[in-house]
Undergrad: 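Quick one: the structure is below, and I'll ask about it shortly.
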Amino acid sequence: MKIATFNINGVNKRLDILLTWLGTAEPDVVCLQELKATDGQFPRAAIEAAGYGAVWRGQAAWNGVAILARDREPVLTRTGLPGDSSDTQSRYIEAAVNGILIASLYAPNGNPQPGPKFDYKLAWHLRFNQHAAALLETGVPVVLAGDYNVVPEPRDIYPTRSYDDNALVQPESRAAFRSLVDQGWLDALRKIHPKEELFTFWDYRRNRWQRDAGLRLDHILLSRKLRRRLTGAGIDREIRALEGSSDHAPVWVSMRD
DNA sequence: ATGGCTAATCTCATTAGA
């Protein structure tokens with residue numbers, strides 16, 4: 001079973017790339033972020049024609065998350081995080097697929113920092129971590145996949161000082177991610193590739209893709225029961241290399257059934 | 001300190017992303 005996450009940066013703008021990738025990578029489950037589409041604009045028919053059922057939560061202009069499942073309909077369990085009914089941003093969706101609870105998340109960027117956007121980022125992570133703890137309590141197999149907008153460690157970014165003031169690398173951001181992992185989640189990409197340089201995002205500007213000046217922002221976390229089933233993980237960099245691609249690459253894990 | 005790329009929007013300029 002292959003489970004992937006992909007910050008698509010506009011699901012309609014990059015529909016061709018998404019369909020090409022679905023056809024070659026053949027993931028069983030896909031978590032999408034940054035749909036940049038309303039519920040009505042989601043390309044349901046094209047995704048269905050590619051053989052995938054889907055649940056999604058869109059929003060005008062920004063954000064938006066979805067979960068796709070090959071030859072199945074994901075069973076929607078939640079849209080949105082608990083804990084703040086005033087939060088209207090579409091950043092979280094959760095569904096059951098083939099006995100596994102799947103969460104597709106798009107954490108706030110948080111720039112500039114300090115400021116209200118950074119406050120929102122940290123508050124969002126706190127709410128997310130509380131919900132993740134509740135999911136662990138249930139004992140159900142869970143995958144938390146998405147764009148966390150956190151560079152976990154200094155080795156997860158190319159050598160530079162230009163991100164020193166960026167919300168993605170601040171100690172508070174890293175502490176939020178670390179406390180989540182410390183609940184008992186497995187950072188699957190790092191587990192499979194303990195020494196390698198792992199980047200999942202390259203800014204469009206300043207030839208950062210050509211220079212391989214990347215960051216690791218997209219993560220797949222597994223609950224305890226799934227750790228033993230993990231067999232592989234990777235980053236589909238060739239998708240980032242395509243003309244007109246997202247600034248993120250797809251990230252995936254494979255597991256025994 | 002700024003700009004650098006890209007996208008969406010009641011654009012031809014602004015906001016947001018990271």
Side-chain angles (χ1 to χ4, degrees), chain A residues 5-18 21 31-43 56-66 87-92 104-125 128 145-177 189 197-219 235 237 239-251:
Chain A
T5 182
F6 188 10
N7 180 322
I8 191 75
N9 188 17
V11 69
N12 287 306
K13 191 77 185 174
R14 281 174 245 290
L15 185 56
D16 288 348
I17 284 177
L18 174 63
W21 172 68
C31 296
L32 295 177
Q33 301 87 33
E34 281 210 80
L35 300 178
K36 293 186 174 176
T38 62
D39 282 340
Q41 292 168 336
F42 186 81
W56 62 93
R57 184 167 182 241
Q59 184 178 329
W62 298 298
N63 305 324
V65 283
D87 185 0
T88 57
Q89 300 190 29
S90 298
R91 295 181 176 277
Y92 186 85
S104 176
L105 62 119
Y106 175 48
N109 169 293
N111 283 303
Q113 73 82 30
K117 291 192 173 186
F118 192 58
D119 295 342
Y120 173 66
K121 177 190 183 89
L122 297 180
W124 195 94
H125 275 283
F128 176 66
D147 180 356
Y148 285 71
N149 268 319
V150 174
V151 175
E153 299 178 83
R155 62 174 168 155
D156 294 315
I157 180 171
Y158 69 101
T160 181
R161 300 298 306 276
S162 64
Y163 278 82
D164 284 359
D165 294 329
N166 196 291
L168 307 176
V169 304
Q170 295 311 301
E172 298 94 326
S173 307
R174 285 178 168 160
F177 184 76
L189 268 287
E197 182 178 88
L198 297 173
F199 298 152
T200 69
F201 163 86
W202 298 259
D203 197 293
Y204 289 122
R205 294 169 285 192
R206 295 205 165 179
N207 293 314
R208 290 211 171 97
W209 166 249
Q210 290 79 0
R211 295 161 44 210
D212 194 22
L215 292 70
R216 185 164 81 105
L217 302 178
D218 304 271
H219 310 301
I235 300 165
R237 294 172 66 115
I239 300 299
R240 177 63 181 83
L242 294 174
E243 184 78 25
S245 77
S246 170
D247 39 8
H248 294 251
V251 177

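Chain letters run A, B, ... following the sequence lines, proteins first and then strands; every chain starts at 1.
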Undergrad: Please compare A:Gly244 and A:Arg208 by the position of their nearest nucleotide in DNA chain B and report the one closer to 5'.
TA: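 Nearer the 5' end of the strand: A:Arg208.
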Undergrad: Looking only at heavy atoms, what is the nearest atom pair of A:Ser246 and A:Arg240, with distance?
TA: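 Here A:Ser246 and A:Arg240 meet closest at O-CD, 3.0 Å.
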Undergrad: Judged by each residue's nearest nucleotide on DNA chain B, which is more toward the 5′ side, A:Arg205 or A:Leu168?
TA: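 Going by which nucleotide is closer to the 5' end, it is A:Arg205.
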Undergrad: Quick check: closest heavy atoms across A:Gly146 and A:Thr5, and the distance to 0.1 Å?
TA: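 Heavy atoms of A:Gly146 and A:Thr5 come nearest at CA-OG1, 3.3 Å.
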Undergrad: Looking at every strand, decide which applies to A:Tyr106 at a 4.0 Å heavy-atom threshold: base, sugar-phosphate, or nothing.
TA: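 The residue A:Tyr106 makes sugar-phosphate contact but no base contact.
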Undergrad: In terms of side-chain heavy atoms of A:Ala61, which of B:dG4, B:dT6, B:dA8 is nearest?
TA: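 Nearest nucleotide to the side chain: B:dA8.
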Undergrad: If you measure from the P atom in B:dG17 to the same atom in B:dC12, how many Å do you get, rounded?
TA: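 Between the two P atoms, the distance is 22 Å.
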Undergrad: So what does A:Arg211 touch, heavy atoms closer than 4.0 Å: a base, only the sugar-phosphate, or nothing?
TA: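 No contact.
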Undergrad: Using the P atom as the point on both nucleotides, what is the distance between B:dT9 and B:dG4, in whole Å?
TA: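 Between the two P atoms, the distance is 24 Å.
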Undergrad: Take the protein atom CD1 of A:Ile8 and the nucleotide atom C1' of B:dA7, then report the distance between them rounded to whole Å.
TA: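 Roughly 13 Å, once rounded to whole Å.
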Undergrad: Does A:Asn7 reach a base, just sugar-phosphate, or nothing at all? Heavy atoms under 4.0 Å.
TA: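 A:Asn7: backbone/sugar contact only, no base atoms under 4.0 Å.
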Undergrad: Using whole Å, what does the distance between atom P of nucleotide B:dA8 and atom CG of A:Asn63 come to?
TA: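 These atoms are roughly 13 Å apart.
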Undergrad: Reckon A:Lys117 touches a base, only the sugar-phosphate, or nothing at all at heavy-atom distances under 4.0 Å?
TA: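 Sugar-phosphate, no base atom in range.
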Undergrad: Looking across every strand, which nucleic acid part, if any, lies under 4.0 Å from A:Asp147 by heavy atom: base, sugar-phosphate, or nothing?
TA: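 Sugar-phosphate, no base atom in range.
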Undergrad: Is there a side-chain contact between A:Arg14 and the phosphate of B:dA8, meaning an N or O under 4.0 Å from OP1 or OP2?
TA: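 For A:Arg14, the contact criterion (side-chain N or O under 4.0 Å from OP1 or OP2 of B:dA8) is not met.
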Undergrad: For atom P, what is the distance between B:dC10 and B:dA1, given to the nearest Å?
TA: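 Straight-line distance between the two P atoms is 34 Å.
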Undergrad: So which atom in A:Trp209 and which in A:Ala241 form the shortest heavy-atom distance, rounded to 0.1 Å?
TA: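 For A:Trp209 versus A:Ala241, the nearest heavy atoms are CZ2-CB, 3.6 Å.
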Undergrad: Roughly how many Å apart are B:dT6 and B:dT2, using the P atom of each and rounding to a whole number?
TA: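 Between the two P atoms, the distance is 22 Å.
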Undergrad: Please report the distance, rounded to the nearest Å, between CD in A:Gln89 and C1' in B:dT15.
TA: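 Nearest whole value for this atom pair: 13 Å.
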Undergrad: Could you check whether A:Phe201 gets within reach of a base, just the sugar-phosphate, or nothing at all, counting any heavy atom under 4.0 Å?
TA: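 Sugar-phosphate, no base atom in range.
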Undergrad: With rounding to the nearest 0.5 angstrom, report the OH to CG distance, A:Tyr106 to A:Leu32.
TA: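 So the gap between those two atoms works out to 13.0 Å.
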Undergrad: Take the protein atom NZ of A:Lys36 and the nucleotide atom C1' of B:dT6, then report the distance between them rounded to whole Å.
TA: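 So the NZ-C1' distance, A:Lys36 to B:dT6, works out to 7 Å.
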Undergrad: How many whole angstroms separate atom CG of A:Asn166 from atom C1' of B:dG17?
TA: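 Rounded to the whole Å, the gap is 10 Å.
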Undergrad: Atom CD of A:Glu34 and atom P of B:dA16: how far apart are they, to the nearest Å?
TA: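 After rounding, the reported distance stands at 13 Å.
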Undergrad: Expressed in angstrom and rounded to an integer, what is the separation of A:Leu217 atom CG from B:dG17 atom P?
TA: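 Spelled out: CG on A:Leu217 to P on B:dG17 is 13 Å.
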Undergrad: Below 30° counts as parallel, above 60° as perpendicular, anything between as tilted: where do the rings of A:Phe177 and A:Tyr148 land?
TA: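 Because their plane-to-plane angle is over 60°, the rings of A:Phe177 and A:Tyr148 count as perpendicular.
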Undergrad: What is the distance from CH2 of A:Trp62 to P of B:dA8, rounded to the nearest Å?
TA: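 The distance from CH2 of A:Trp62 to P of B:dA8 comes to 12 Å, rounded to the nearest Å.
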Undergrad: Here's a test for you: under side chain to side chain contact (heavy atoms under 4.5 Å, CB included), which of A:Leu215, A:Asp212, A:Asp247 qualifies with A:Trp202?
TA: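 Option passing the side chain to side chain contact (heavy atoms under 4.5 Å, CB included) with A:Trp202: A:Asp212.
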Undergrad: Between B:dA16 and B:dT11, how far apart are the C1' atoms? Round to whole Å, please.
TA: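 B:dT11 and B:dA16 have their C1' atoms separated by 15 Å.
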Undergrad: Which is true for A:Asp247 with a 4.0 Å heavy-atom rule: it touches a base, it touches only sugar-phosphate, or it touches nothing?
TA: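 If one applies the 4.0 Å heavy-atom cut-off, A:Asp247 turns out to touch nothing in the nucleic acid.
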